[in-house]
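Please read the structure below before turning to the comments.
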Amino acid sequence: MTLEETLKKIRPLDRNAMDIANKRWNSIAKPLHSLGKMEALVVQIAGITGSADIDIHKRVLVAMCADNGVVEEGVTQTGQEVTAIVAENFLTGDTSACVMCRQCGTDVYPVDVGMASDTKVSAEFKVMHGTNNMTKGPAMTREQAVQAIEAGIEMARRLKEQGYGILATGEMGIGNTTTSSAVASVLLDRPVEEMTGRGAGLSGEGLKRKIQAIRKAVELNAPDPEDPLDVLAKVGGLDIAGLAGVFLGGAAVRIPVVMDGFISCAAALTAMKICPAAADYMIASHVSKEPAAELILKALGKEAVLHGDMCLGEGSGAVALFPFLDMGAAVYEEMSTFEDIRVEQYEELV
């Protein structure tokens, strides 16, 4: 599907399915609303899929892998070669997120949407060999940004066709906290310093270079905050664009998509700016340790479940939410009702 076709398919959540799910929760033999966000997320999933029968057993982590030209500015602790190494480790199951996926029965699907080198990861959706250095000009063209978004859309469509019931978003790309900070700063009209953290362990001097690089890129390229595609193309990354496409594609094919941390949330913010209705199809997992994380979640109208000071990336936070969702779905599907045990049902009190 093209981006234009995708946007036409995104509809409001199914309120009838949500009403049925709410009634089911209220009939279960426990105090009303006592499972909090477990209940709310199950109801949201019902609205997303259009069915009050919840099945999220088949799930997958989609990891968008890409490189960023801005690493030339000394904004990272490691070089671009790490992107390729970790991306291939997704294939062999040798990343932290992969270990977590094995613990909760989640498949892993890495996507090369723009790595600087070619690897064993499929390059079917590769847009370019890394973005340009955004401190010297636009990171990519508008057309390339759309191409990366459409790669994510296609991934969501294929995975839905393969029977997956829920997607987790992840990424790998050295330098992508820099691009995410730039995108978030422009889209939320916030100072660069407020939106920029140390990423994967920068020193104080490194953080200064990072902030200076973002300021320079924003000043040079003058991205239009009212045009998310312009922002993405000028100061974003291909991994962010690909993930934005997963969020938009997920909304179009009615499959829940779990946000990971900072990079994933920046992509979700971009997707919401492109299509506000897509936000209803997104599920927040955790609050990243990066300073801008809470601000982005607030802009998305989301409350995260996990507060663990995580900032690993790869999709680790999104995958960590699955056991929580599993427990909620199990109670929802299996628990006896008040009628089953012949006990008077709780009533809503005001």
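- With respect to L232, the side-chain contact (heavy atoms from CB on, under 4.5 Å) criterion is satisfied by exactly one of I274, T270, L238, V186: T270.
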Original post:
salt bridge (Lys or Arg N to Asp or Glu O under 4.0 Å) between E154 and R158: does it pass, once the steps are laid out?
Top reply: CA-CA 6 Å; E154 176 61 14; R158 289 187 188 183; 2.8 Å; yes
Subject >> Stepwise salt bridge (Lys or Arg N to Asp or Glu O under 4.0 Å) test for R157 and E5 >> reply: CA-CA 12 Å; R157 187 195 68 78; E5 291 168 339; over 6 Å; no
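- Across C275 and L7, no two heavy atoms sit closer than the pair CB-CD2, 3.7 Å.
- A donor-acceptor pair under 3.5 Å is formed between the side chain of T169 and the backbone N or O of V258.
- Considering D67, D112, D118 as possible partners of H129, the one that fulfils the side chain to side chain donor-acceptor pair (under 3.5 Å) test is D118.
- When hydrophobic clusters are built by joining Ile, Leu, Val, Met, Phe, Trp and Tyr residues whose side-chain heavy atoms come closer than 4.5 Å, directly or via intermediates, M172 is not grouped with L91.
- Here I214 contributes atom CD1 and M195 contributes atom CE; the two are 10.0 Å apart, rounded to the nearest 0.5 Å.
- Rounded to the nearest 0.5 Å, atoms OG1 (T106) and OH (Y164) are 9.5 Å apart.
- Remark: the backbone N or O of L35 is paired with a side-chain donor or acceptor of E39 at under 3.5 angstrom.
- One N or O on the side chain of K302 and one on the backbone of A279 form a donor-acceptor pair closer than 3.5 Å.
- R11 meets the salt bridge (Lys or Arg N to Asp or Glu O under 4.0 Å) test with no other residue; sequence neighbours excluded.
- K234 contributes a side-chain N or O that, together with a main-chain N or O of N221, makes up a donor-acceptor pair within less than 3.5 Å.
- Atoms CG and CG, from N132 and N68 in turn, are 11.0 Å apart once rounded to the nearest 0.5 Å.
- Of the possible polar contacts, none joining the D107 side chain to the V60 backbone as a donor-acceptor pair under 3.5 Å is found.
- When hydrophobic clusters are built by joining Ile, Leu, Val, Met, Phe, Trp and Tyr residues whose side-chain heavy atoms come closer than 4.5 Å, directly or via intermediates, M115 is not grouped with L243.
- For R102 (side chain) and M100 (main-chain N/O), no donor-acceptor pair under 3.5 Å exists by modelled atom type.
- Atom NZ of K126 is separated from atom SG of C65 by 9.5 Å, given to the nearest 0.5 angstrom.
- In terms of modelled atom types and a separation under 3.5 Å, the side chain of N133 and the main chain of T135 share a donor-acceptor contact.
- A continuous path of Ile, Leu, Val, Met, Phe, Trp and Tyr side chains, each step under 4.5 Å between heavy atoms, connects I45 with M327, placing both in one hydrophobic cluster.
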**OP:** Please lay out, stage by stage, how L248 and Y281 fare under the test side-chain contact (heavy atoms from CB on, under 4.5 Å).
**Re:** CA-CA 9 Å; L248 294 170; Y281 290 79; over 6 Å; no
Original post:
Does the side chain to side chain donor-acceptor pair (under 3.5 Å) test come out yes or no for K210 and T177, once each step is laid out?
Top reply: CA-CA 9 Å; K210 186 175 181 179; T177 61; 2.7 Å; yes
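- Comment: K136 engages E72 in a salt bridge, judged by a side-chain N to carboxylate O separation of less than 4.0 angstrom.
- At least one donor-acceptor pair closer than 3.5 Å links the side chain of D230 to the backbone N or O of D224.
- Taking each heavy atom of M155 and F125 in turn, the nearest pair found is SD-CE1, 3.5 Å.
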